[in-house]
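Structure record follows, encoded as structure tokens.
So you know, we letter chains A, B, ... as the sequences are listed, proteins then strands, and number each from 1. Just so we're clear, the structure is a prediction, and the values are computed from it rather than from any experiment.
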Amino acid sequence: MIAEALGASVSWFIPALIFVVFFHAHLKGVRVFEEFVEGAKEGFFMAIKLIPYLVGIYVAIGIFRQSGAIDVIVKLFSPVLRIIKAPTEALFVSIVRSISGPAALGLMMEIFDAHGPDSFIGRLASTMVGSTDTTFYILAVYFGSVGIKKARYSPIVGLLADFTSFVASVYIVRKMFL
Amino acid sequence: MDFIFSFFIIGGIIVAALNGRIDIILDAAVSSAEGAVQRSINLIGIVSLWLGIARVAEKSGLIAILSKAIAPVFRRLFPSIPKDHPALGCILMNLSANMLGFGNAATPFGLKAMQELQTLNDTPDTASDAMCTFLAINTSSVTIVPATIIALRTSAGSKNPTEVVAAILFATTCSTLAAVIFDYIFRFFSRRKI
């Protein structure tokens, strides 16, 4: 019920937003089309400027993922997993989540196929994938777009937040569904 | 960033070599590079569209109105951004698009926010405090409507696809709180040497 209502209001949100923007601009006498094109031009160059950064981050992530290096990390962390009683697969989802969005969704669907979406690991994967974002991708793209070379403590904060989400997901899913 | 980049590539190659699968490295590198360009091409349309709309909103003064409205909350989170600065409006738009699950609309506003923040940054190659805070909140992403997850659960035949929404809300709130707190701690201890 609530989810349906939310879903309906969500599908209204973007059209309403665009309506308000143009209506307000029209009232204020803004030269709407000219300004739109000006902004779109900015967007075009921004997207072009991003290409080298995206290539860099995609290649690094592609190599890391397909080589099986993630499995090694998962193995390294397995003692910690035993303490917080999380399945190994869950950590794998969590790590993949912070480096590649599409890969995390793919992994989640694999888990749905293997164990069912209503299994413990299926719910856990849903929660973990839903509760954080693709940390490394965002950092690379956002910093790259304005030419920032030194990210300072951003990656560490991002990882700590991802880890918090992992622990919180395991905790709440155990609590709610077990 | 340099460290992570090298770590991924060097680590990946070493592991592949140890596993006797060194042949996949070239494949992975080339197909990822192609995927990245593909992704960027797709981005051109979306980013142009939303920055066009954002520009209209900026010229009409709508973004300034939004910035003013949220200034009291954001002043605590981003003490270094002056009141009424357009960066605040863009950050708000980015975070709210993220919350509602519109990744596509969120990215252009996020990039625009970074551009605005960069105009306030006096060391252009190093992230400013405000940028770090913004990205900490962004990467931990408060999600209210996890539309994609619900859709995928439905298509996988879940009996109750929305049962995880409460769990996601809990986990995402925890991680965002953690991000804000860690960001604050690191900012405090890393007073920038200029």
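Ile181(B) contributes atom CD1, which lies 11.5 Å from atom CG of Leu160(A) (distance to the nearest 0.5 angstrom). To the nearest 0.5 angstrom, Asp183(B) atom CG is 7.5 Å from Ser154(A) atom OG. The CD atom of Glu42(A) sits 10.5 Å away from the CG atom of Leu111(B) when rounded to the nearest 0.5 Å. Distance check, rounded to the nearest 0.5 Å: OG of Ser32(B) to CD1 of Ile61(A) gives 8.5 Å. The structure places CD1 of Ile44(B) at 4.0 Å from CD1 of Ile48(A), a figure rounded to the nearest 0.5 Å. In this structure, OG on Ser155(B) lies 5.5 Å from CE on Met109(A), to the nearest 0.5 angstrom.
Two residues are said to be in side-chain contact when any heavy atoms from C-beta on lie closer than 4.5 Å; Val56(B) and Phe33(A) fail this criterion. For the pair Tyr153(A)/Arg187(B), a side-chain contact is recorded, criterion being any heavy-atom separation below 4.5 Å from C-beta on. Arg152(A) places a side-chain heavy atom less than 4.5 Å from the side chain of Asp129(B). The shortest side-chain heavy-atom distance between Leu49(B) and Phe36(A) falls under the 4.5 Å cut-off. A 4.5 Å side-chain heavy-atom check between Ile65(B) and His24(A) finds at least one atom pair inside the cut-off. Using a 4.5 Å cut-off on side-chain heavy atoms (C-beta onward), Ile148(A) and Asn121(B) make contact. Contact annotation: the side chain of Leu117(B) never approaches that of Tyr142(A) to less than 4.5 Å [non-hydrogen atoms, C-beta and beyond]. Contact annotation: the side chain of Phe143(A) approaches that of Met131(B) to within less than 4.5 Å [non-hydrogen atoms, C-beta and beyond].
Ring-plane geometry between Phe8(B) and Phe136(A) is classed as perpendicular, the angle between the planes exceeding 60 degrees on a 0 to 90 degree scale with a lower cut at 30.
Heavy atoms of Ile137(B) lying under 4.5 Å from chain A are absent altogether. For a residue to count as touching a neighbouring chain, one of its non-hydrogen atoms must lie under 4.5 Å from one of that chain's; by this rule Leu27(A) does not touch chain B. Contacts between Asn19(B) and chain A at a heavy-atom distance below 4.5 Å involve the side chain alone, from C-beta outward. Both the backbone and the side chain of Val141(A) have a heavy atom closer than 4.5 Å to some heavy atom of chain B. Of the atoms belonging to Glu163(B), heavy atoms from both backbone and side chain fall under 4.5 Å from chain A.
Considering all non-hydrogen atoms of both residues, Ala179(B) and Ala161(A) come closest at CB-CB, 3.8 Å. Across Lys28(A) and Ser60(B), no two heavy atoms sit closer than the pair CG-O, 3.6 Å.
Evaluated for a side-chain contact (heavy atoms from CB on, under 4.5 Å) with Val164(B), the options Val129(A), Val173(A), Thr127(A) yield exactly one hit, Thr127(A).
Within the hydrophobic cluster formed by Ile, Leu, Val, Met, Phe, Trp and Tyr side chains joined at under 4.5 Å, directly or through other members, Ile10(B) is accompanied by Ile14(B), Leu18(B).
Judged by distance alone, with hydrogens and angles left aside, the side-chain atoms of Thr172(B) form a donor-acceptor pair with the main-chain N or O of Ser131(A) at under 3.5 Å.
In terms of the side-chain contact (heavy atoms from CB on, under 4.5 Å) criterion, residue partners of Thr135(A) (sequence neighbours excluded) are, by chain and number, Ser98(A), Leu139(A), Asp162(A), Thr139(B).
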